[in-house]
Amino acid sequence: MKIAIVVGVSKGLGSAVVEQLLEQEYEVFGLSRNEPKTSLQQHPSFTYIYYDAGATHERGERFQNVLKEINVQPLSDIVFIYNAAILDPVGKIGTLKDAKFSNHMEVNFVAPLELSNQFLGFSQDIQAYKRMVFITSGAASSPVPAWTSYSSSKAALDMMVKSIAAEQQDTTSPVSIIGFNPGIMDTDMQATIRSYDENQFPAVSQFKQYHSSGKLRSAQVVATALLQIVEDTSLRSGDIVSVENYV
């Protein structure tokens, strides 16, 4: 049996990834704040769980309940994918009003750290193919003005991936962990980016040009690349991998 736990499945990349995992005969637990489309919820191998990555008081317990549902005896593969993220607050530091920095970091970094701790505690001694994949961004290594929060949280996520990979080297049954940069996709987040004015986000014209010139990849194309990364045993744990290498 192959099991996948995916956080952030309501739309975009997460939804496309779940569709392809189901096609590859995974049993999928899908976690998100908003419900995924009906066709996913009706699939016999998909289980939807309401999950708010920013809800610090309950997210740990909800994830633990998911882990309790997994029967490890017939398990051949177990995959954990963290796709949830928020972009706001957008704007230059010093100009933001009522910015929710704490919530941003909770969703983009603290929740992945907490869930990694739980997942590794659960899966460490399981004899199966084990891989964790975290969706990062090129902004983690290249500063984008007005995206200081987003760039910083994704940079922290990249270091988490590398650090956990280093820790796993000393275990008898290591879990592989990979960071995946999906590039620019045609998603709701991209539409939100294009809605900002230049005073709030100086690079908005560049992102509008990506859209108008057809440079945005579909979520389905990126999901196919992500599934290749899930199954690519040649990758070294701790690698930060770009979609460019798989399309």
Side-chain angles (χ1 to χ4, degrees), residues 1-10 13-15 17-22 24-36 40-41 43-85 105-136 156-157 160-161 163-180 223 226-227 229-231 233 237-238:
M1 178 182 291
K2 300 190 294 185
I3 296 287
I5 305 170
V6 185
V7 180
V9 299
S10 62
L13 178 60
S15 179
V17 165
V18 170
E19 288 180 336
Q20 295 190 28
L21 286 166
L22 292 170
Q24 296 188 21
E25 299 184 340
Y26 277 83
E27 295 281 337
V28 180
F29 293 88
L31 287 64
S32 59
R33 188 173 55 181
N34 298 311
E35 291 192 12
L40 285 184
Q41 297 198 57
H43 196 289
S45 295
F46 178 76
T47 302
Y48 168 68
I49 299 100
Y50 170 81
Y51 191 83
D52 183 353
T56 58
H57 62 290
E58 64 178 12
R59 68 182 177 210
E61 182 179 357
R62 285 186 179 273
F63 191 71
Q64 197 63 46
N65 288 338
V66 173
L67 297 176
K68 289 177 181 178
E69 294 294 317
I70 298 174
N71 183 357
V72 301
Q73 294 304 319
L75 203 57
S76 62
D77 301 66
I78 183 165
V79 176
F80 172 55
I81 300 172
Y82 190 90
N83 174 60
M105 294 302 292
E106 287 289 344
V107 173
N108 288 16
F109 175 64
V110 182
L113 190 62
E114 183 178 323
L115 300 192
S116 294
N117 184 55
Q118 290 182 285
F119 181 80
L120 289 166
F122 167 78
S123 63
Q124 193 69 78
D125 296 328
I126 295 174
Q127 300 301 310
Y129 178 74
K130 301 174 290 189
R131 174 152 286 178
M132 306 167 69
V133 182
F134 292 87
I135 310 305
T136 181
L157 190 69
M160 184 199 80
V161 167
S163 297
I164 293 176
E167 293 172 348
Q168 286 293 302
Q169 290 178 359
D170 297 328
T171 64
T172 56
S173 181
V175 179
S176 173
I177 178 169
I178 302 294
F180 174 57
L226 176 52
L227 265 291
I229 286 163
V230 165
E231 298 180 348
T233 57
S237 185

Quick check: do [X] and [Y] have side-chain heavy atoms less than 4.5 Å from each other?
{"X": "E27", "Y": "M1", "result": "yes"}
{"X": "I178", "Y": "M132", "result": "no"}
{"X": "V9", "Y": "L31", "result": "no"}
{"X": "V230", "Y": "D77", "result": "no"}
{"X": "V7", "Y": "N83", "result": "no"}
{"X": "L40", "Y": "L22", "result": "yes"}
{"X": "F29", "Y": "V6", "result": "no"}

Rounded to the nearest 0.5 Å, what separates atom CD in Q127 from atom CG in D125?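 Q127 atom CD to D125 atom CG measures 7.5 Å (nearest 0.5 Å).
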
Nearest 0.5 angstrom please: L113 CG to L157 CG, how far?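 Here the rounded value is 9.5 Å.
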
Using side chain to side chain contact (heavy atoms under 4.5 Å, CB included), reason through I135 and L226 one step at a time and then give a plain yes or no. CA-CA 9 Å; I135 310 305; L226 176 52; 4.1 Å; yes

Partners passing side chain to side chain contact (heavy atoms under 4.5 Å, CB included) against [X] (at least two apart in sequence or in another chain):
{"X": "Q168", "answer": "L120, Q124, I164, T171, P174, V175"}
{"X": "V161", "answer": "F134, I177, I240"}
{"X": "N108", "answer": "A85, I86, H104, Y150, S153"}

[X] side chain vs [Y] backbone, donor-acceptor pair below 3.5 Å:
{"X": "K130", "Y": "S123", "value": "yes"}
{"X": "R131", "Y": "I229", "value": "yes"}
{"X": "K2", "Y": "Q24", "value": "yes"}
{"X": "S173", "Y": "I126", "value": "yes"}

Please output the side-chain donor-acceptor pairs of residues 44-54 that fall under 3.5 Å, not counting sequence neighbours, one pair per line with the distance.
| residue | atom | partner | partner atom | Å |
| --- | --- | --- | --- | --- |
| Y48 | OH | S32 | O | 3.0 |
| Y51 | OH | R59 | O | 3.3 |
| D52 | OD1 | G54 | N | 2.9 |

Which atom pair, heavy atoms only, marks the closest approach of Q20 to A223?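 Distance-wise, the nearest heavy atoms are NE2-CB, 3.5 Å.
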
What pair of heavy atoms forms the shortest contact from Y82 to A111, and how long is it? OH-CB, 3.5 Å

Under 3.5 Å donor-acceptor pairs involving side-chain atoms of residues 64-75, not counting sequence neighbours:
| residue | atom | partner | partner atom | Å |
| --- | --- | --- | --- | --- |
| Q64 | OE1 | Q118 | NE2 | 3.0 |
| N65 | ND2 | E61 | O | 3.3 |
| N71 | OD1 | Q73 | N | 3.2 |

Kindly indicate, with the supporting measurements, whether the criterion side chain to side chain contact (heavy atoms under 4.5 Å, CB included) is fulfilled by Y26 and V79. CA-CA 9 Å; Y26 277 83; V79 176; 4.0 Å; yes

In sequence, state the C-alpha distance, the side-chain angles, and the governing distance for S10 and E35, and then conclude on side chain to side chain contact (heavy atoms under 4.5 Å, CB included). CA-CA 5 Å; S10 62; E35 291 192 12; over 6 Å; no

Candidate list F119, F122, F80, test ring-ring contact (aromatic ring centres under 6.0 Å, His included), partner F63, passing option: F80

Taking only residues at least two apart or on different chains, which pairs with a member in residues 164-174 satisfy salt bridge (charged side-chain N to carboxylate O under 4.0 Å, His left out)?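 Not a single pair qualifies under salt bridge (charged side-chain N to carboxylate O under 4.0 Å, His left out).
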
